*Asks:* 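Before I ask anything, let me first share the structure, which is written out below as structure tokens.
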Amino acid sequence: MKYAISLVLGLLVGAVVFVLGLYLNPFSGQATVSPLAVTSERVIDLSFSAVPGDGILYTDHGETVVTPHPERIAELWEPAVHETSVYVTKVESSRGDFAGIGIKFSSESEQTAIVKGDAIANSAWHIYLPGQGTLLIDQTENFWSYIRGVVIPARTSAGDNWVGSFHAITTNGPGSLGTARVTGGSGLFDGMTSESVEALTARGYSANSGPVSIDGNLTIEFTELAAASE
Amino acid sequence: MMSRNGNLTKLGHSYRCFGGGVANWMKRLIKTFVIGVILGLLGTGALAWYVPAVDIHRERSLVSVQTNGGNIEVFHINLPRDRIMVGLPNVDNSIPAGLEWPGEEFLGDMQAELFKVRNSDDTVIGVASRLASATGESGPFIEWVVHLPARGTIYVKMEITPSADGFRNGEMLAGSRDFSVLSGSVREQFIADVGEDADAQGRIRLEAALVGQLGDEE
């Protein structure tokens, strides 16, 4: 009997050590500097509030800590879209002026592997910038450093919240440099293919209601083809 | 004297036996514990490696082969049931109620719609956005983004003028994951009469005709 207890205790300690190892793994961090920081092309910087309540619309399956809004919005409860969220937000230029509208579809990915530090989401932005045109940003994002640095500390804190400073590039593909793929649709972007990167800057998170103070940023490379058609 | 020495020898012997027993017992216990720790590490590692953290629900792809290659897949949207959002220049008419849509002041005549998308079995398999503008500063456009969580995303640019038959044709500009190697066209049609479906007052039909890229000939 004593050996069985010892074995079970050992199993538990082993499991806890493994989970702590994953959580504290220093090799699973996300980049904080954009791969497009050194591009020679022009870039478009768009910022937005990543707090769902600050956006125009947010919906998911309705069972998360984040409340869909507006109040009577349809929820995505059907099995095929259960792991999907839709977020509609105004996007602003780097000067803080209204720049356009962004619709973000985001679905949890089967590529998620916590053992590798990957909490992957497949996401797509459909963006309209008045006077400039429309484009699609297609990307995979890794939220592991956000979960590790913001969400878990908020859930384990006595006050059920996290306040601090966190910044990370969430985009990790499909481009070889960890960039998103951009396809232009109309206006200045017609025919354009380029790259993009999305980043999150968090200052506050509540375990009960989700993001409290989080800004998102999209850096979009504006390639020669589009510039030539101006 | 002899008897006293004999008792002491016996005492020492039993102490050694007892102490040695405790040491062996502790050693075996620690050994079991260490084996448990190693098994715990390996077991949790194997669990984390082999058990998927995310398991996306999949519906069957209902495709039909088209003449001269490729395949056709039909999606549809039941109106108004599958409508998630309509952002209109006149904010008061936007859906759902309480939507703080920027409206004409910021977006001109641009109209944005969000829908749930169904397959031929009438099962929801994804979500889609449709952006349209007739007189935008950057020119008129009608676009669809169809996001199917288990398969990928399609970006389609539609022709502005519909055909005489009531269709609007479009070209697939980009696709991700399952659609990344495909190209083709998408046809949009609004059907006002949906027959016996009492829940739907109308239907948007999207017919995607997609073909894979030709490989290099050896």
Side-chain angles (χ1 to χ4, degrees), chain A residues 2-3 6-19 22 56-57 59 69-74 76 78-84 86 88 90 98 100-101 103 105 107-110 112-115 119 122 124 126 128 130-134 136 138 174 181 183 185-188 193, chain B residues 28-29 32-45 48-49 52-59 83-85 87 96-102 106-108 110 112 114 116 123-127 129 131 136-139 141 143 145 147-150 152-153 155 157 173-174 176-177:
Chain A
K2 57 185 178 253
Y3 295 112
S6 176
L7 187 70
V8 169
L9 279 176
L11 285 169
L12 288 175
V13 170
V16 169
V17 168
F18 185 86
V19 171
L22 280 183
I56 294 169
L57 176 148
T59 188
H69 89 102
E71 220 168 78
R72 294 172 64 188
I73 189 74
L76 308 176
E78 293 86 351
V81 291
H82 195 264
E83 316 304 331
T84 299
V86 180
V88 183
K90 293 176 192 172
F98 175 85
I101 285 286
I103 300 169
F105 302 102
S107 302
E108 291 177 20
S109 167
E110 287 171 338
T112 294
I114 301 301
V115 73
N122 295 310
H126 194 183
Y128 171 59
Q132 296 186 78
T134 53
L136 173 84
D138 153 49
R181 188 170 39 214
T183 306
S186 65
L188 300 179
T193 52
Chain B
R28 281 199 294 272
L29 211 58
T32 314
F33 179 76
V34 170
I35 289 169
V37 170
I38 293 167
L39 286 176
L41 280 167
L42 293 175
T44 316
W49 186 267
V54 176
D55 189 11
I56 298 283
H57 178 86
R58 289 166 196 276
E59 293 290 336
R83 187 182 274 145
I84 299 171
M85 182 198 87
L99 186 78
E100 292 175 10
W101 187 249
F106 293 99
L107 299 170
M110 199 278 280
L114 286 175
K116 293 179 183 177
T123 305
V124 171
I125 55 165
V127 281
S129 61
L131 301 185
E137 293 169 60
S138 51
F141 62 85
E143 291 181 357
V145 169
H147 178 73
L148 309 177
T153 305
Y155 185 32
K157 184 178 183 178
L173 296 180
S176 69
R177 295 189 288 144

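Numbers restart at 1 for each chain; the letters A, B, ... are given by sequence-line order, proteins then strands. Source: prediction; values computed, not measured.
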*Asks:* For the interface with chain B, which of A/Ala124, A/Gly185, A/Pro174 has the highest count of heavy-atom pairs at distances below 4.5 Å?
*Replies:*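 Winner by heavy-atom pair count: A/Gly185.
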
*Asks:* Please rank A/Thr134, A/Val19, A/Val16 by heavy-atom pairs under 4.5 Å with chain B and give me the top one.
*Replies:*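 Option with the greatest count: A/Thr134.
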
*Asks:* Mind ranking B/Val37, B/Val127, B/Asp55 by heavy-atom pairs under 4.5 Å with chain A and telling me who comes out on top?
*Replies:*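 Maximum pair count with chain A is reached by B/Val37.
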
*Asks:* Using a cut-off of under 4.5 Å for heavy-atom pairs, which of B/Pro52, B/Gly98, B/Ser129 has the most such pairs with chain A?
*Replies:*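 Among B/Pro52, B/Gly98, B/Ser129, the one with the most close pairs to chain A is B/Ser129.
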
*Asks:* Among A/Ala74, A/Gly133, A/Gly100, A/Pro79, who wins on heavy-atom pairs under 4.5 Å with chain B?
*Replies:*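 It is A/Pro79.
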
*Asks:* Do A/Asn122 and B/Pro149 have side chains that get closer than 4.5 Å, going by heavy atoms?
*Replies:*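 No - every pair of side-chain heavy atoms lies 4.5 Å or more apart.
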
*Asks:* Can you tell which part of A/Thr84 gets under 4.5 Å to a heavy atom of chain B, answering side chain, backbone, both or neither?
*Replies:*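 The side chain, not the backbone.
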
*Asks:* Using 0.5 Å steps for rounding, measure from the CD1 atom of A/Ile73 to the CG atom of B/Leu99.
*Replies:*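 CG of B/Leu99 is found 7.0 Å from CD1 of A/Ile73.
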
*Asks:* Given heavy-atom pairs under 4.5 angstrom as the criterion, report whether the side chain, backbone, both or neither of B/Ser176 touches chain A.
*Replies:*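 Looking at B/Ser176, backbone and side chain both touch chain A.
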
*Asks:* Which bit of A/Ala15 is near chain B, if near means a heavy-atom gap under 4.5 Å: side chain, backbone, both or neither?
*Replies:*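 Both parts, heavy atoms under 4.5 Å.
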
*Asks:* For the NE2 atom of A/His126 and the CD atom of B/Glu143, what is their distance to the nearest 0.5 Å?
*Replies:*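 Here the rounded value is 4.0 Å.
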
*Asks:* Using 0.5 Å steps for rounding, measure from the CD1 atom of B/Ile125 to the CD atom of A/Glu78.
*Replies:*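 Rounded to the nearest 0.5 Å, the CD1-CD separation comes to 11.5 Å.
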
*Asks:* Can you say whether A/Tyr3 sits under 4.5 Å from chain B via the side chain, the backbone, both, or neither, judging by heavy atoms?
*Replies:*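 Both the backbone and the side chain of A/Tyr3 come within 4.5 Å of chain B.
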
*Asks:* Can a donor-acceptor pair be found, under 3.5 Å and without considering hydrogens, that links the side chain of A/Ser6 to the backbone of B/Thr32?
*Replies:*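 Side chain of A/Ser6 to backbone of B/Thr32: no pair is present.
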
*Asks:* After noting the C-alpha distance and the side-chain angles of B/Leu114 and A/Ile103, does the key distance pass the side-chain contact (heavy atoms from CB on, under 4.5 Å) rule?
*Replies:* CA-CA 9 Å; B/Leu114 286 175; A/Ile103 300 169; 3.7 Å; yes

*Asks:* Using the side-chain contact (heavy atoms from CB on, under 4.5 Å) rule, take B/Trp101 and A/Leu57 through it: C-alpha gap first, then chi angles, then the decisive distance, then the call.
*Replies:* CA-CA 9 Å; B/Trp101 187 249; A/Leu57 176 148; over 6 Å; no

*Asks:* Decide whether A/Ser107 and B/His147 meet the rule of one side-chain donor and one side-chain acceptor closer than 3.5 Å.
*Replies:*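 There is such a pair (donor and acceptor under 3.5 Å, judged by atom type) between the side chains of A/Ser107 and B/His147.
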
*Asks:* If I measure from the heavy atoms of chain A, does B/Phe141 come under 4.5 Å with its side chain, its backbone, both, or neither?
*Replies:*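 Looking at B/Phe141, just its side chain touches chain A.
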
*Asks:* Go through A/Leu11 and B/Phe33 one step at a time and tell me if the side-chain contact (heavy atoms from CB on, under 4.5 Å) criterion holds.
*Replies:* CA-CA 8 Å; A/Leu11 285 169; B/Phe33 179 76; over 6 Å; no

*Asks:* Can you tell me which of A/Glu71, A/Lys2, A/His69, A/Arg181 forms the most heavy-atom pairs within a distance under 4.5 Å of chain B?
*Replies:*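 The answer is A/Lys2.
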
*Asks:* Can you tell which part of A/Glu83 gets under 4.5 Å to a heavy atom of chain B, answering side chain, backbone, both or neither?
*Replies:*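 Contact with chain B is through the side chain of A/Glu83 alone.
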
*Asks:* Is the shortest side-chain N to carboxylate O distance from B/Glu100 to A/Lys90 below 4.0 Å?
*Replies:*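 Between A/Lys90 and B/Glu100 there is no salt bridge, as every charged N stays at least 4.0 Å from the carboxylate O atoms.
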
*Asks:* Between A/Leu136 and B/Leu173, is there a side-chain heavy-atom distance shorter than 4.5 Å?
*Replies:*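 No, too far: nothing below the 4.5 Å cut-off.
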
*Asks:* Check whether any side-chain heavy atom of B/Ile84 lies under 4.5 Å from a side-chain heavy atom of A/Leu76, and answer yes or no.
*Replies:*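 Yes. Closest side-chain heavy atoms under 4.5 Å.
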
*Asks:* Side chain, backbone, both or neither: which part of A/Val8 has an atom under 4.5 Å from a heavy atom of chain B?
*Replies:*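 For A/Val8, there is no contact with chain B at all, as no heavy atom is under 4.5 Å.
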
*Asks:* Going through the distances and angles, do B/Leu148 and A/Phe105 end up as a side-chain contact (heavy atoms from CB on, under 4.5 Å)?
*Replies:* CA-CA 10 Å; B/Leu148 309 177; A/Phe105 302 102; over 6 Å; no

*Asks:* Any heavy-atom pair between the side chains of B/Pro102 and A/Ile101 that's under 4.5 Å?
*Replies:*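 Yes; the side chains approach each other to less than 4.5 Å.
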
*Asks:* In the structure I gave you, are the side-chain heavy atoms of B/Leu42 and A/Phe18 within less than 4.5 Å of one another anywhere?
*Replies:*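 Counting from C-beta outward, B/Leu42 and A/Phe18 never come under 4.5 Å.
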
*Asks:* I'd like to know which of B/Leu39, B/Val145, B/Thr153 tops the heavy-atom pair count under 4.5 Å against chain A.
*Replies:*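 Max contact count across the listed options: B/Val145.
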
